[in-house]
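Data block below; observations after.
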Amino acid sequence: MTADLVPDAPSNAVAVEIDKVYKSFGRLPVLRGVSMTVREGEVACLIGPSGSGKSTLLRCVNHLEKVDAGRISVHDRLVGYHHKNDRLYEMHDRDVARQRRTIGMVFQRFNLFPHMTALENIIEAPIQVLGKSKGVAIAEAREHLEQVGLSDKAGNYPTQLSGGQQQRVAIARALAMQPALMLFDEPTSALDPELVGDVLAVMRQLAESGMTMIVVTHEMGFARDVGDTVAFMDGGIIVEHGDARQVIAEPQHARTQAFLAKVR
Amino acid sequence: MTDNNPTAGADDALAAAIGPAPIRAVRVRRPGRWISAIILLLFVAMFAHMLVTNKNFGWDLVRQWLFWHTIIQAIWVTLELTVYAMVIGIVGGVLLAVMRLSSNPVSATAAWLYTWFFRGTPVLVQLLFWNNIAALVGQQVGFGVPFGPQFFHLDTNSTITAFTAAVLALGLNEAAYMSEIVRAGILSVDEGQSEAAASLGMRRSKIMRRIVLPQAMRVIIPPTGNEVISMLKTSSLASVIGVVELTDASESAIHLYFKAIPFYVVASLWYLFFTTVLSIGQYYIERHYARGSTRNLPPTPFQKLLRANLLFRTRRSRAAEIRETLR
């Protein structure tokens, strides 16, 4: 099923192009020249020790962080800048917001809106951003809730849901914007072990439906089984990048080997 | 087991039906509470005794003047002052807080300057300033292009009456304080909320209105309730510039009837009444904005009373019923 979506297949267009990206927080360099290509339908997993820059790289893709140098494009559109007559123009807030509509993001700490029920969380952006009618938004939201297996939780507030349920609502909320790309920032790291499986199952199902995904994760099993490619990051650079099964089963680089030996 | 303890079966059946019997244990003795309660009661009794026996309170006069039409009219003025000033204060405060936190340096500086000025001068002085505004800007104020042509003129004295001066002074001063309260509320909302909303394509103004402010309300409401109560009483300052509100009306009545204390009692009783009403209102507003922050909303005092009574009764009657059937 994912075999026909292998990243190197020339039939698949480039979805995300990351080109020599640098980023520092103050004097601390976090990304030091990262380049990476993600193709349509590809599930790209970012692994590596904490502080290696995986999350920052992910956050640069939807411009939650500004890069210091380099370019990122999503679907051939530069992120955060207009390119006109060989010059870069900073994007206006409203254009950045427009660009983010097609890029869904799922956070480690869910970030559901606590003052809204599960259903209200999901319909908020379709109504407020896409201008959908409430009736249409609710009907679609119910489909997305069913997709993540939470049809019966529509009326619950986030505090009335378990972590795993909250994260699945968060996924449904992102899907409600019908994104062409989904970013996952350690989606299972804040979950109790017995709840991880439900969230991963939803992500696997999403991957099988052909969604382009970039997943920062510590779940090596998921990266191996669902990922098409794996990039191992350390110290702000991509140390090793290739076919998921190959990188995880037979890492070539010493640092990758050391990391995988620890997390296994 | 049930053979040598015939009541065990009954207890188990009871537990299965209505839950286990609560633990019966001797409570920890707290003599300090009793002693302090007695001392407090003593003070309350002394105060009550003084209220009743001290003829200077003039309770018959208080009863007579409490609902006097002049006083009732003045109460309306006090309430109007409070409401108008707080509306200006809250709307202005939210605007100032959003400006202060915006990435736009011009609006951030403007908001800071405003707060600096209006917090830095006494509200009584601001009140007198507004009342004498004609002396500052002249009898006629024109509106139009700065340093250019003017489109219309306003007569200062007829536009800024004592009442409007009071509303403006109290409201604009309040906005400075409210802006700090709102700012604290906005800052209390987790950054992740704005990020999640931004990742869904929402724009900054919308994120503020739909996501951040509703959550900030939980932090904003309690001190705002405090401000409303405070404003109700601060509005008495308007008596200085001749607005006939509750304090001013009481003061006038004193000059008319040469009885001070009864009228102060009348005014105090009314202030107390309205602050009590406001406190109750605040409780319910807080409860509304607690939605989603706790699993179950705490019951209102009334619900508590009702529930305790019901639970007690049902438990007892159910227990009696089951014992009866087991017998």
Side-chain angles (χ1 to χ4, degrees), chain A residues 55 58-59 61-65 92-118 120-131 155-161 166 169-170 173-179 181-185 190, chain B residues 94 98-108 182 184-222 224 282 284-299:
Chain A
S55 288
L58 195 73
R59 291 162 59 83
V61 174
N62 69 349
H63 211 52
L64 282 180
E65 305 285 356
H92 193 278
D93 290 346
R94 104 183 129 245
D95 298 326
V96 175
R98 184 171 284 275
Q99 204 166 35
R100 284 184 183 133
R101 287 182 193 179
T102 53
I103 308 173
M105 183 154 188
V106 175
F107 298 85
Q108 182 178 358
R109 317 221 41 180
F110 330 135
N111 294 349
L112 287 181
F113 307 133
H115 58 304
M116 298 181 183
T117 62
E120 286 166 349
N121 263 279
I122 301 172
I123 63 173
E124 178 68 12
I127 292 175
Q128 295 295 327
V129 178
L130 301 180
N156 288 42
Y157 283 99
T159 43
Q160 297 166 324
L161 300 172
Q166 287 188 55
V169 172
R173 178 175 71 175
L175 291 178
M177 291 297 286
Q178 281 145 346
L181 167 69
M182 284 283 285
L183 309 175
F184 292 84
D185 188 3
Chain B
V94 171
V98 171
M99 282 168 70
R100 182 83 189 274
L101 292 171
S102 99
S103 55
N104 179 343
V106 180
S107 65
V182 175
I186 291 173
L187 290 176
S188 76
V189 178
D190 181 35
E191 189 90 25
Q193 292 292 310
S194 309
E195 285 184 354
S199 77
L200 290 165
M202 289 173 84
R203 292 189 53 191
R204 246 187 245 163
S205 51
K206 207 153 241 179
I207 294 172
M208 186 54 77
R209 220 177 54 237
R210 302 276 316 169
I211 308 298
V212 177
L213 276 179
Q215 294 182 57
M217 284 310 237
R218 283 195 60 224
V219 175
I220 294 172
I221 293 288
T224 303
Q282 184 186 348
Y284 282 94
I285 296 174
E286 274 177 33
R287 210 166 162 276
H288 172 80
Y289 281 103
R291 231 174 2 156
S293 63
T294 45
R295 280 166 196 245
N296 290 303
L297 285 178

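Letters go in sequence order (proteins before strands), and every chain restarts at 1.
- Atom CD1 of Ile285(B) and atom OG1 of Thr224(B) lie 9.5 Å apart (nearest 0.5 Å).
- No other option in Arg59(A), Gln99(A), Glu124(A), His63(A) has as many heavy-atom pairs under 4.5 Å with chain B as Glu124(A).
- Of the listed residues Val129(A), Val106(A), Thr102(A), the one with more heavy-atom pairs under 4.5 angstrom with chain B than any other is Val129(A).
- Most heavy-atom pairs under 4.5 Å with chain A, from the set Glu195(B), Met202(B), Met217(B), Arg204(B): that is Glu195(B).
- Judged by distance alone, the side chain of Asn111(A) and the main-chain N or O of Gly192(B) form a donor-acceptor pair under 3.5 Å.
- Of the listed residues (Arg210(B), Lys206(B), Arg203(B)), the one with the most heavy-atom contacts under 4.5 Å to chain A is Arg210(B).
- Of the listed residues Leu112(A), Val96(A), Asn156(A), Asn62(A), the one with more heavy-atom pairs under 4.5 angstrom with chain B than any other is Leu112(A).
- Of the listed residues (Met105(A), Arg101(A), Arg173(A)), the greatest number of heavy-atom pairs within a distance under 4.5 Å of chain B belongs to Arg173(A).
- In this structure, Asn121(A) contributes its side chain and Thr117(A) its backbone to a donor-acceptor pair below 3.5 Å.
- For Leu130(A), no part lies under 4.5 angstrom from a heavy atom of chain B.
- Residues satisfying the side chain to side chain contact (heavy atoms under 4.5 Å, CB included) test with Gln215(B), not counting sequence neighbours, are Pro114(A), His115(A), Val189(B), Gln193(B), Ile211(B).
- Contacts of Arg100(B) classified as side chain to side chain contact (heavy atoms under 4.5 Å, CB included), with partners at least two apart in sequence or in another chain: Ala111(B), Trp112(B), Glu180(B), Arg183(B).
- For Phe113(A), the parts lying under 4.5 angstrom from a heavy atom of chain B are both the backbone and the side chain.
- For Ile103(A), the part lying near chain B is the backbone, with the side chain staying farther off; criterion is any non-hydrogen pair under 4.5 Å.
- Annotation for Arg109(A): atom CZ does not count as buried by contact number, only 12 or fewer foreign heavy atoms lying within 6.0 Å.
- Both the backbone and the side chain of Arg94(A) come within contact range of chain B, judged by heavy atoms closer than 4.5 Å.
- With 3.5 Å as the limit, one finds a donor-acceptor pair spanning the side chains of Asp185(A) and Ser55(A).
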